[in-house]
Student: 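Next up is a structure, given as structure tokens.
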Amino acid sequence: MTAPADRATALDALLLQVEVERFFSAESELLDERRFDEWLDLLHEDIRYWMPIARNMRFDRPETEYTRQGDEACWFDEGKDVLRKRVLQIQGGDHWAEEPRSRTTHLVANVRVEAAEGGDIAAKSRFVVSACRLDHDVDLFVGKRVDLLRREHGALKVLRRTIYLDQSVLLSRNLTTFF
Amino acid sequence: MQMTDLIDIDEGTLSREIFSSEDIFRRELERVFVPAWSFVGHTSQLARGGDFFLSRVGPEPVIVTRDEPGAVHVLLNSCRHRGMPPCRYDSGNAAGFTCSYHGWSYGLDGALTGVPKLKERYQGRLEREKWGLIRARVCVYYGSIWATFDDALPSFEDYLGADMRFYLRTLLQGPDGDDDGYEVIGGIVKWQVPCNWKFGAENFAGDHYHGYSHISVERLSIGLSGKTSRHNFAAAKTPRQAMSVADPLRGHTIRASVYKALAAYDPQEGAPDAVNDYYRACHEARQRRLGDRSRLMIHGGVIFPNTHFNSAGRTTIGLWLPLGAGRTEVWRWLFVPRSAPDIVKDTLREYYLRYAGPAGMVEQDDMENWTAAQRGTEGMIARKYPFNFQLAMGLSRGAREDEWLGSEVTITEDVAEHNQRAFYAHWARLMAGA
């Protein structure tokens, strides 16, 4: 029989788990419905959006497997100003890599809340993103995500997003999808 | 296969077949990619003895190493016993490489150093000096490393020719005009595009014409500061003449501009003061160092056949690696000036990431267009109709008033398909067995 205090703690953790999972689901919904302006609203003004490049390195140098933030070449390593421009680019009808638009499906799974302190919540998850465009093109992106969410005025915002793609050489011609 | 049926340089037409035929592709591997020098990397990737990284020479995987005395080697990454790659790490530091299949070991210079059961079962008859890794010829040119497996090819300097030696040396000068002025940012960007390698090559060779591809980024201000046009040179107020420069004997091409006057530095609007201060000092140092030649700005180009580069404030060098008639792998090295303070290196790095490669807001539209163009080469009806390369035909000039632009190159000013015609003319000569 769980003590009442432990039960309250467990319930708090469960509620937080559900809140984070719902947040990620809602985010996926906005991306897949191409409601990019509303998606941007879920990102903190100081967000760092980072997708390093995977390399094939020796077993005893795991810290070098993914390229470093702020220093090495990455797929993405940017703030909200650039993300906003990417959205504006897609919305203009003249960004040929997304015109006509891709059809995307974002699945976020295995969500684990790693830490919650003050208003900050660290969460790990896995993603599968399918992006189909034109008649035949299918791109599949699979990997891990590490997020730092910050609660501001009661609402969660993404303050740091790290996206570890499993592919090393990117087997798709473009990364026009958000993760 | 008659090349004259596929390509007519005088008419400016080119068969779509050369992008989609697997027969032509296999012939290219033999006739275009073997007799070629290829960029494989940069000495800044090999700071210490024992440093190595993987690269490619055409379709061939290679290990690029620095041995303990300091010499640079380029080795075919293929064990002489069963062909396994003895090196399976993208980069690192090692005393040598041991094949994971039967354990044959090689030194940083490719020498066969270890063979299991050498004495007992080879009975002293294995001639180790004959069974080292296949070594490429290597040339280090102002920090850039080049390699070929073709013993009959001229030296790299002669392969470039006098004029391209000047352009490549200029490309590798830092913004202050100092030789070998760049270092590579860690992490090589690698991706695949479902199109023929020549779509990328001809675009980098001389396409001043495809502004329409990139209209979306022109309205978004993604330049160095993130507050101006995608090109840093848009800030310059001095008039300049854009031109296509080609070496018709060797197939190398350069996209360039020449400013009409030596002028003061025009700042990048919105960039941090420290960034403008650095580039102003470099601009002045370059003018002092190079004099009249500092009016030259290289936008990019191709060292025949598949080494490509961009410049004009974004120095990147890359390879179009041929995987099949309709599939290409792209490798891209990003460079920052050695002498720059961190804030300049950081600003440049972020600029590259939002500009170039499959996540770059500019090049995404190139990849999309080349992929679509590839499909336009596949139909039996479509293949009956050649592509058009007639832009600015007959408007080429030979010698120019600026003698330092070169005596062997030909030049067409403004938008032209001058360079693409030179690229394909040389390609056709090699394919015909010339």
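To find a chain, count down the sequence lines: A is the first, B the second, and so on, and within it residues start at 1.
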Student: Are Leu134(A) and Glu368(B) packed together at the side-chain level, in the sense that at least one heavy-atom pair is separated by less than 4.5 angstrom?
Tutor: yes
Student: Any sub-3.5 Å donor-acceptor pair from Glu350(B)'s side-chain atoms to Asp77(A)'s backbone N or O?
Tutor: no
Student: A quick test of your reading: do over 12 heavy atoms of other residues, nucleotides or ligands sit less than 6.0 Å from OH of Tyr209(B)?
Tutor: no
Student: Answer yes or no: are there more than 12 heavy-atom neighbours, outside Arg35(A) itself, under 6.0 Å from its atom CZ?
Tutor: yes
Student: Hey, is the main chain of Asp90(B) close enough, under 3.5 Å, to the side chain of Asn56(A) for a donor-acceptor pair?
Tutor: no
Student: Would you mind checking which part of Leu171(A) comes under 4.5 Å of any heavy atom in chain B, side chain (CB onward), backbone (N, CA, C, O), both or neither?
Tutor: both
Student: Shorter than 4.5 Å, heavy atoms on both sides: which option in Leu88(A), Asp71(A), Asp81(A) has the most such pairs with chain B?
Tutor: Asp71(A)
Student: If every non-hydrogen atom of Gly70(A) is compared with every non-hydrogen atom of Arg349(B), which pair is closest and at what distance?
Tutor: CA-NH2, 3.0 Å
Student: Without swapping roles, check the side chain of Lys85(A) against the backbone of Ser221(B) for a donor-acceptor pair under 3.5 Å.
Tutor: yes
Student: Looking only at heavy atoms, which two atoms of Arg219(B) and Gln89(A) are closest? And how far apart?
Tutor: NH2-O, 3.4 Å
Student: CD/Gln192(B) to CG/Leu170(A) distance, rounded to the nearest 0.5 angstrom?
Tutor: 8.5 Å
Student: For Arg112(A), look at atom CZ and say whether over 12 heavy atoms of other residues, nucleotides or ligands are found less than 6.0 Å away.
Tutor: no
Student: If you count heavy-atom pairs within less than 4.5 Å of chain B, which of Gly93(A), Gly92(A), Ala73(A), Pro52(A) leads?
Tutor: Ala73(A)
Student: Mind ranking Glu99(A), Arg68(A), Arg48(A), Glu98(A) by heavy-atom pairs under 4.5 Å with chain B and telling me who comes out on top?
Tutor: Arg48(A)
Student: Which atom pair, heavy atoms only, marks the closest approach of Trp75(A) to Val189(B)?
Tutor: CZ3-CG1, 3.4 Å
Student: Could you tell me whether the side chain of Trp96(A) and the main chain of Ser213(B) form a donor-acceptor pair under 3.5 Å?
Tutor: yes
Student: Quick one: what part of Arg327(B) sits under 4.5 Å from any heavy atom of chain A, side chain, backbone, both or neither?
Tutor: side chain
Student: Ignoring hydrogens, what is the shortest heavy-atom contact between Pro358(B) and Ser172(A)? Give both atom names and the distance.
Tutor: CB-O, 4.5 Å
Student: Check whether any side-chain heavy atom of Leu353(B) sits under 4.5 Å from a side-chain heavy atom of Glu78(A), and report yes or no.
Tutor: no
Student: Would you indicate whether Arg103(A), at its atom CZ, is surrounded by more than 12 heavy atoms from other residues, nucleotides or ligands within a distance under 6.0 Å?
Tutor: yes
Student: Between Arg354(B) and chain A, with a heavy-atom cut-off of 4.5 Å, which part of the residue counts as in contact: side chain, backbone, both or neither?
Tutor: both
Student: Which pair of non-hydrogen atoms, one from Gly187(B) and one from Thr67(A), has the smallest distance, and what is that distance?
Tutor: CA-CG2, 3.8 Å
Student: Spell out the residues in residues 144-165 of chain A that have some non-hydrogen atom less than 4.5 Å away from a non-hydrogen atom of chain B, in order of number; otherwise answer 'none'.
Tutor: none
Student: If I compare all heavy atoms of Arg61(A) with all of Gly92(B), which pair ends up nearest, and what's the gap?
Tutor: NH1-CA, 3.7 Å
Student: Measure distances from Asn369(B) to the heavy atoms of chain A and classify the residue's part below 4.5 Å as side chain, backbone, both or neither.
Tutor: side chain
Student: Report, in residue-number order, which members of residues 116-127 of chain A are under 4.5 Å from chain B by heavy-atom distance.
Tutor: none
Student: Looking at chain A, which one of Ile185(B), Val193(B), Leu220(B) has the largest number of heavy-atom pairs inside 4.5 Å, strictly under?
Tutor: Leu220(B)
Student: So for Tyr212(B), is it side chain, backbone, both, or neither that comes closer than 4.5 Å to the heavy atoms of chain A?
Tutor: both
Student: Hey, which of Val330(B), Thr371(B), Thr328(B) is the one that makes side chain to side chain contact (heavy atoms under 4.5 Å, CB included) with Arg173(A)?
Tutor: Thr371(B)
Student: Using a 6.0 Å cut-off, check whether atom CD of Glu269(B) has over 12 heavy atoms from anything other than its own residue.
Tutor: no
